[in-house]
Amino acid sequence: MTAKEVIQYMESLRNEKQRIDLMRFFKTGEGEYGEGDEFLGLKVPETREVVKQAHDVPFEEIPELLTNRYHEIRLCGFLLLVKRFEAMATKKKTHEETSIEVRDAIVEMYLEYAEYANNWDLVDLSAPKIIGHWLMLPSHLGDKLLVMDGLAMSDSLWRKRISMVSTWMTSHMGDSSWCLRYAEMHLHHPHDLMHKAVGWMLREMGKQVSMDLLRDFLSLHAHEMPRTMLRYAIEKMGEIERQYWMSYKGL
């Protein structure tokens, strides 16, 4: 399939009732975080089915999907990048030179068009499996810390969320350092979407790597964490410990 054929096919699946529901759910009204975003009315499983059919879209045409006006078509583009990255990140291909080059090209494209991942689902369904996984693999793109810090210090809410949510994968692969670095960096971000992202990633880090590391972080920061962030971080703890951290006043 070509990118144009994918776009035409997805537009033919337009569902008006679901479109209205999705626009409300993803906060597309004036002044909301998704203001102006346009939807076709496709649910994620429907978009994933398109991705399966569109596996052979030429790599150089994927930006046509990533920059499309419709949310679901952009998601299709990002999921195609995920699919291709994962195919090049198997254990057998980890150190293959060709696979490294393909992965790096995917990361470069993702970073170039990251601004089009302009809602939380677009970030969350793509960033961990591309950027997060890339952090744990061989690469020729230079200093990964500089790349991540660039995302974290961007003026863009979505690039900042990419820097945080990418750590889902690094934590699941046993490395807590990325999560702890960006959780601290985003500790005082004003947006609720970042509060949720930081708390969620801290919870995952505790679950996948070390609850003691999570408790150490909370000992330093629980007293200053936004309430939503803290609630997300301690969600899987027992009731008594949750109450302790919610009333914690600092060291």
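Residue numbers count from 1 along this sequence.
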Salt bridge (charged side-chain N to carboxylate O under 4.0 Å, His left out) between Arg48 and Glu46, worked out
CA-CA 5 Å; Arg48 289 193 183 278; Glu46 294 175 278; over 6 Å; no
Test ring pair (Phe, Tyr, Trp, His ring centres under 6.0 Å) applied to Tyr232 and His195, step by step
CA-CA 8 Å; Tyr232 270 60; His195 300 170; 10.0 Å; no
Report the C-alpha distance between Leu81 and Leu66 in whole Å, list the side-chain angles of each, state the deciding distance to 0.1 Å, and finish with yes or no for side chain to side chain contact (heavy atoms under 4.5 Å, CB included).
CA-CA 10 Å; Leu81 291 182; Leu66 300 177; 4.1 Å; yes
Steps toward side chain to side chain contact (heavy atoms under 4.5 Å, CB included) verdict (Lys207, Arg203):
CA-CA 6 Å; Lys207 183 171 68 174; Arg203 185 181 73 225; 5.7 Å; no
Between Asp155 and Lys160, does a salt bridge (charged side-chain N to carboxylate O under 4.0 Å, His left out) hold up when you go through it step by step?
CA-CA 8 Å; Asp155 292 333; Lys160 288 179 183 293; over 6 Å; no
Do Trp158 and Leu193 pass the side chain to side chain contact (heavy atoms under 4.5 Å, CB included) test, and can you show the C-alpha distance, the side-chain angles, and the key distance before you say yes or no?
CA-CA 9 Å; Trp158 308 115; Leu193 283 177; 3.6 Å; yes
Taking it one step at a time, do Glu61 and Lys4 satisfy salt bridge (charged side-chain N to carboxylate O under 4.0 Å, His left out)?
CA-CA 9 Å; Glu61 293 186 12; Lys4 286 183 172 57; over 6 Å; no
Test log, rule salt bridge (charged side-chain N to carboxylate O under 4.0 Å, His left out), inputs Glu49 and Lys52:
CA-CA 5 Å; Glu49 283 300 314; Lys52 290 179 184 178; 3.2 Å; yes
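Atom-to-atom distance recorded for Gln208:CD and Asp175:CG is 13.0 Å, nearest 0.5 angstrom. Atoms NZ and NE2, on Lys196 and His191 in that order, are 9.5 Å from each other to the nearest 0.5 Å. Here Gln53 contributes atom CD and Tyr9 contributes atom OH; the two are 4.5 Å apart, rounded to the nearest 0.5 Å. Considering CD of Gln243 and CD1 of Ile234, their distance stands at 9.5 Å, rounded to 0.5 Å. For the atom pair Met205 CE and Ser177 OG, the distance stands at 10.5 Å (nearest 0.5 Å). Annotation: the span from Leu145 atom CG to Arg181 atom CZ amounts to 4.5 Å, rounded to 0.5 Å.
The side chain to side chain contact (heavy atoms under 4.5 Å, CB included) test with Leu75 singles out one residue from Leu42, Asn68, Val50, Thr47, and that residue is Thr47.
Heavy atoms from other residues, nucleotides or ligands lying under 6.0 Å from OH of Tyr33 number more than 12. Environment of OH in Tyr116: sparse, with no more than 12 heavy atoms of neighbouring residues, nucleotides or ligands closer than 6.0 Å. By the 6.0 Å contact criterion, NZ on Lys144 is enclosed, its count of non-hydrogen atoms from other residues, nucleotides or ligands being greater than 12.
In terms of modelled atom types and a separation under 3.5 Å, the side chain of Gln18 and the main chain of Asn15 share no donor-acceptor contact. Using a distance-only test at 3.5 Å, with no hydrogens or angles considered, a donor-acceptor pair links the side chain of Arg103 to the main chain of Met88. Arg242 places a side-chain N or O within donor-acceptor distance of the main-chain N or O of Met237, the cut-off being under 3.5 Å. Within the 3.5 Å criterion, the main-chain N or O of Pro63 finds a donor-acceptor partner in the side chain of Thr67.
His172 and Glu204 form a side-chain donor-acceptor contact under 3.5 Å, judged by distance and modelled atom types alone. When only modelled atom types and interatomic distance are considered, Ser126 and Tyr110 share a side-chain donor-acceptor pair under 3.5 Å. Residues Asp104 and Ser139 bring a donor and an acceptor atom of their side chains to less than 3.5 Å of each other. Donor-acceptor pairing under 3.5 Å is lacking for the side chains of Glu35 and Thr28.
Residues Cys179 and Met164 have side chains in contact (heavy-atom distance under 4.5 Å, counting atoms from C-beta outward). You'll find the side chain of Met148 reaches within 4.5 Å of the side chain of Ser166, heavy atoms only. With a 4.5 Å cut-off on side-chain heavy atoms, Thr2 and Glu64 do not count as touching. Here the side chains of Thr94 and Ser99 are not in contact, with every heavy-atom distance at 4.5 Å or above. The closest side-chain heavy-atom distance from Val6 to Val57 is below 4.5 Å.
The two residues Ser219 and Tyr248 make their nearest non-hydrogen contact at O-OH, 2.9 Å. Annotation for Leu111 and Ile131: closest pair CD2-CD1, 4.0 Å, computed over non-hydrogen atoms. When all heavy atoms of Ser176 and Leu213 are compared, the closest pair comes out as OG-CD1, 3.4 Å. When all heavy atoms of Ser171 and Val209 are compared, the pair lying nearest together is O-CG2, 3.4 Å. Between Phe59 and Ile106, the shortest heavy-atom distance links the atoms CE1-CG1, 3.9 Å. Shortest non-hydrogen contact noted between Asp37 and Asn118 is OD2-OD1, 4.2 Å.
Grouping the Ile, Leu, Val, Met, Phe, Trp and Tyr side chains by contacts below 4.5 angstrom, directly or via other members, places Ile20 apart from Leu22. Two different hydrophobic clusters hold Val102 and Ile100 under the rule that ILVMFWY side chains link at heavy-atom gaps under 4.5 Å.
Using a cut-off of 4.0 Å between Lys/Arg side-chain N and Asp/Glu carboxylate O, Arg19 and Glu38 are scored as not salt-bridged. In summary, Arg74 and Asp121 do not engage in a salt bridge, as defined by a charged side-chain N under 4.0 Å from a carboxylate O. Using a cutoff of 4.0 Å between basic side-chain nitrogens and carboxylate oxygens, Arg84 and Glu86 are not scored as salt-bridged. Electrostatic pairing of Glu96 and Lys93 does not count as a salt bridge here, judged by no charged N lying under 4.0 Å from a carboxylate O.
Using cut-offs of 30° and 60° on the angle between ring planes, the pair Phe217 and His221 is tilted. Ring pair His186/His189 is perpendicular by interplanar angle, where above 60° counts as perpendicular and below 30° as parallel.
A centroid separation of 6.0 Å or more is found between the aromatic rings of Phe85 and Trp134. Taking the six-membered ring where the residue is Trp, the centroids of Tyr70 and Phe39 are separated by 6.0 Å or more.
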